Structures are given as C-alpha cells and as structure tokens.
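Structure record follows, encoded as structure tokens.
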Number of protein chains: 2
Amino acid sequence: MTYSIKEVADMMNVEPSTLRYYDSMGLLPGVKRVNGRRVFEDKDFKWLRVLNCMKKINMPIDKIRAYVKLAEKGDSTLQERFDMILEQKQIVLDQIAELKDCLKEFEYKEWYYTEAIKAGTEKVVENVTTCSPTLEVDTIPKK
Amino acid sequence: MTYSIKEVADMMNVEPSTLRYYDSMGLLPGVKRVNGRRVFEDKDFKWLRVLNCMKKINMPIDKIRAYVKLAEKGDSTLQERFDMILEQKQIVLDQIAELKDCLKEFEYKEWYYTEAIKAGTEKVVENVTTCSPTLEVDTIPKK
DNA sequence: ACTTAACTTAAAGTTAACTTTAACTTATAT
DNA sequence: ATATAAGTTAAAGTTAACTTTAAGTTAAGT
C-alpha cells in the first residue's frame, strides 16, 4: 500500500507543506519518489509515528535530525540513540508532571468560579487560598 | 513582603525582560510601581501562579490577555471566565493524554534499543511491530 | 561620594517553525 | 482532449514570543 503526501498529511493532521518542510530538513529519510513525487509506504509509518511523538513533546527539529542521522549510520550508533531516547523519555515524564500541576490549578479555578457564580460575586472566594510568595504552592480545596 | 522583577523572574525561571514583555502585553495587571520600578506583592503571586500554568499549557498571550481583561471587568464576567477555565482544563487533559501516548512510544523505543544493543544489531528487533498504516497503533511489548 | 548593579522605555532584532508564492509538471476526472 | 487538482522546488514571507540594544534613571554597597 502506498500513500500520497496529502494522505499522510491528513493522517498526521498537518499540511502537506509541513511534510515537505520536514523532508527538506532531513526528517523524512528513505521516502521513495515516483516521477518526482513522494510516495509513502508502510515502512515509512514506523518512523512517522516516532516523529509524531518527537514533535508532540516539542523536540526541536535540529535534535530530531541528529537522531535521524545517527539512525542512518547504523548499528554503531545504537547506544547514542538509546541515550537520546532515555533523555526524551525523561522529558515526557517531566512534562506530564508539570501538566498535572497545571491541571490542579485549573481544577481549583473551576471550583473558585463555581462558588463565585453561586454567590454572584468573587468576594466570597477571593481569599480562600493563603497566597505565600512562591509559585510552588498546592492549594486544592476538598469538595 | 515585596519583590523586585529579578526576584520574581528567578522564581518563575524566566528573564526579567520576559516579565516586562508580559507586562507590556497586559498580562501583569495591578503591579505597583515605586519610582517607576515594578514592585511585586504577595497578592500578585496569586495571578502569577495562574499565569505560569497558562504559559505552560501554551495558551497564547492574546487569549491570556482576554482572560485578564474579563477579570478586570469584575463579577459580570464570572461565567465567561468559568467557561474559559473549563476549556483550558480540557486542553490540559488532552495534552496529558497525548503525552502519555508519546511516553508509550518512547518506552517501546527504550525496549527496542535495549534488545538491539544486547544483540549488537537492530536487525533483531526491526520487525517486531507490525506496522499498519496508521499513526494510532499501540504496540508496547510486555517485558 | 562614587562606583556598580539593577531598573526603566521604546524600538529594533532574533529564532523556530512553518506557510505562501511563483513557476512549473504530472495525474485524475469528465 | 482538456480542465482541474495535486504534486514539485526554491525562495520569500509570516508569526509568536521573546531578546537585545540604546540611552537613560535609581538604588545599594564601600
């Protein structure tokens, strides 16, 4: 089975021009051409899925390219690639932890506005949290 | 207790120039001035913590400013702000779910390289996953 | 008192990641 | 057959979010 650039772009929720840009940056190694046109094959999706993840965690294009270059060098770079993957895995874990903290803040705000709307004014909830001068405070009121 | 722009910048892990930029964009309402200098008070940290979260989930500055403007209008905008918070909460939840999928991919890659390094070559693991032409596939090998 | 560090603004500069344009070729549908 | 849609490249343009610069004022340390 083969796929056009538009079909792949739709699957990845990006513009075809974005895929061409990725290609020009060296992020789409080994994609076949037929009459000059890119033809994506099943084997390409293996990498596209990883690329998709790397993009989602905001890994810079330069770093992704570095990974691709290592992969192209073959087995001699296995350890280096492993190290990069471990580093990125830790970054995802950190990002998830960070977002969970943000979620708490938004859940607090949800509660805050629920109470304020009930009362018709913010004054009722304005001083529920003791605001110490740090950004690390965790104050989720129990329902 | 009061804090200089540098002190607040350090707490938020940003440059003072970034805070000045946020201020110029209307993201730091109600910050006092003494001889022209910004002086941050305890009350400001309440908002800084929320701002911090909004930045972390990549909420665009324009949207954050819209929220600030609503807050400045007072109680008549409670419902609108509640709706915005709910929307952002859903965005965080989606982002967390997305990152968890990425984590699986990196965990698979970790396993992949562990096996490849053991064998000295990628050939051993290259075709472990059946790669269907979708980016939604989930293939985590059980240890 | 004097030096150094930190603060100020307005405006210009930077960066990453696309996105658009122009000029062209190839494929698909009627 | 012919129009329309989709593909191509290289190069220029865009956007968001800072970041730096320049020129100045204010505060803090010795």
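Chain letters run A, B, ... following the sequence lines, proteins first and then strands; every chain starts at 1. Side-chain atoms are counted along with the backbone in the values below, which use heavy atoms only and exclude waters and symmetry mates. These numbers come from a predicted model, not from an experiment.
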Exercise. Tell me whether B:Val8 is reachable from B:Met25 by hopping between hydrophobic residues (I, L, V, M, F, W, Y) whose side-chain heavy atoms are closer than 4.5 Å.
Key: yes
Quiz item: Is there a path of hydrophobic side-chain contacts, each under 4.5 Å between heavy atoms of I, L, V, M, F, W or Y residues, that connects A:Ile64 with A:Val14?
Solution: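 Yes, A:Ile64 and A:Val14 fall within the same hydrophobic cluster.
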Quiz item: Would you call A:Glu107 and A:Lys104 a salt bridge, taking side-chain N to carboxylate O under 4.0 Å as the test?
Solution: no
Exercise. Salt-bridge test for A:Glu126 and A:Lys123: reply yes if a basic N is under 4.0 Å from a carboxylate O, no otherwise.
Key: no
Quiz item: For the residue pair A:Trp47 and A:Tyr67, does the interplanar ring angle fall in the parallel (under 30°), tilted (30 to 60°) or perpendicular (over 60°) class?
Solution: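 Parallel: the ring planes of A:Trp47 and A:Tyr67 meet at under 30°.
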Exercise. For side chain to side chain donor-acceptor pair (under 3.5 Å), just list the numbers for B:Glu122 and B:Tyr113, CA-CA rounded to whole Å, side-chain angles, deciding distance to a tenth of an Å, and then say yes or no.
Key: CA-CA 8 Å; B:Glu122 251 171 303; B:Tyr113 283 121; 4.6 Å; no
Exercise. Mind running a 4.0 Å heavy-atom check of residues 58-71 of chain B against DNA chain D and sending the residues that fall below it, in number order?
Key: B:Pro60, B:Ile61
Practice problem: For DNA chain D, determine which residues of residues 18-36 of chain B have any heavy atom closer than 4.0 angstrom to one of its atoms, and list them numerically. | Solution: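 When residues 18-36 of chain B is checked for heavy atoms under 4.0 Å from DNA chain D, the hits, listed by number, are B:Thr18, B:Tyr21, B:Tyr22, B:Asn35.
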Practice problem: For the pair A:Tyr112 and B:Phe82, evaluate ring pair (Phe, Tyr, Trp, His ring centres under 6.0 Å) and give the outcome as yes or no after the intermediate values. | Solution: CA-CA 9 Å; A:Tyr112 175 100; B:Phe82 178 67; over 10 Å; no
Quiz item: Where each residue is assigned the nucleotide of DNA chain C containing its nearest heavy atom, which of A:Glu15 and B:Pro16 is assigned the position nearer the 5′ end?
Solution: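 Result of the comparison: B:Pro16.
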Quiz prompt | With B:Tyr22 via side-chain hydrogen bond (donor to acceptor under 3.5 Å, both in side chains) - residues at least two apart | solution = none
Practice problem: Name all residues meeting the side-chain hydrogen bond (donor to acceptor under 3.5 Å, both in side chains) criterion together with A:Thr2; count only those two or more places apart in sequence or in a different chain, and write none if there are none. | Solution: none
Quiz item: Taking for each residue the nucleotide of DNA chain D with the nearest heavy atom, is it A:Arg37 or B:Lys55 whose nucleotide lies nearer the 5' end?
Solution: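 By nearest-heavy-atom nucleotide position, the 5'-most residue is A:Arg37.
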Exercise. Kindly give the cluster partners of B:Val39, where membership spreads through any ILVMFWY side chain lying under 4.5 Å from a current member.
Key: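 Result for B:Val39 is B:Val34.
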Quiz item: Rounded to the nearest Å, what distance is computed from the CZ atom of residue A:Arg38 to the P atom of nucleotide C:dA27?
Solution: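 For the pair A:Arg38 CZ and C:dA27 P, the rounded distance is 15 Å.
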Quiz item: Can you pull the contact range of chain B along DNA chain D, 5' to 3', using atoms under 4.0 angstrom from its heavy atoms?
Solution: D:dA17 to D:dA27
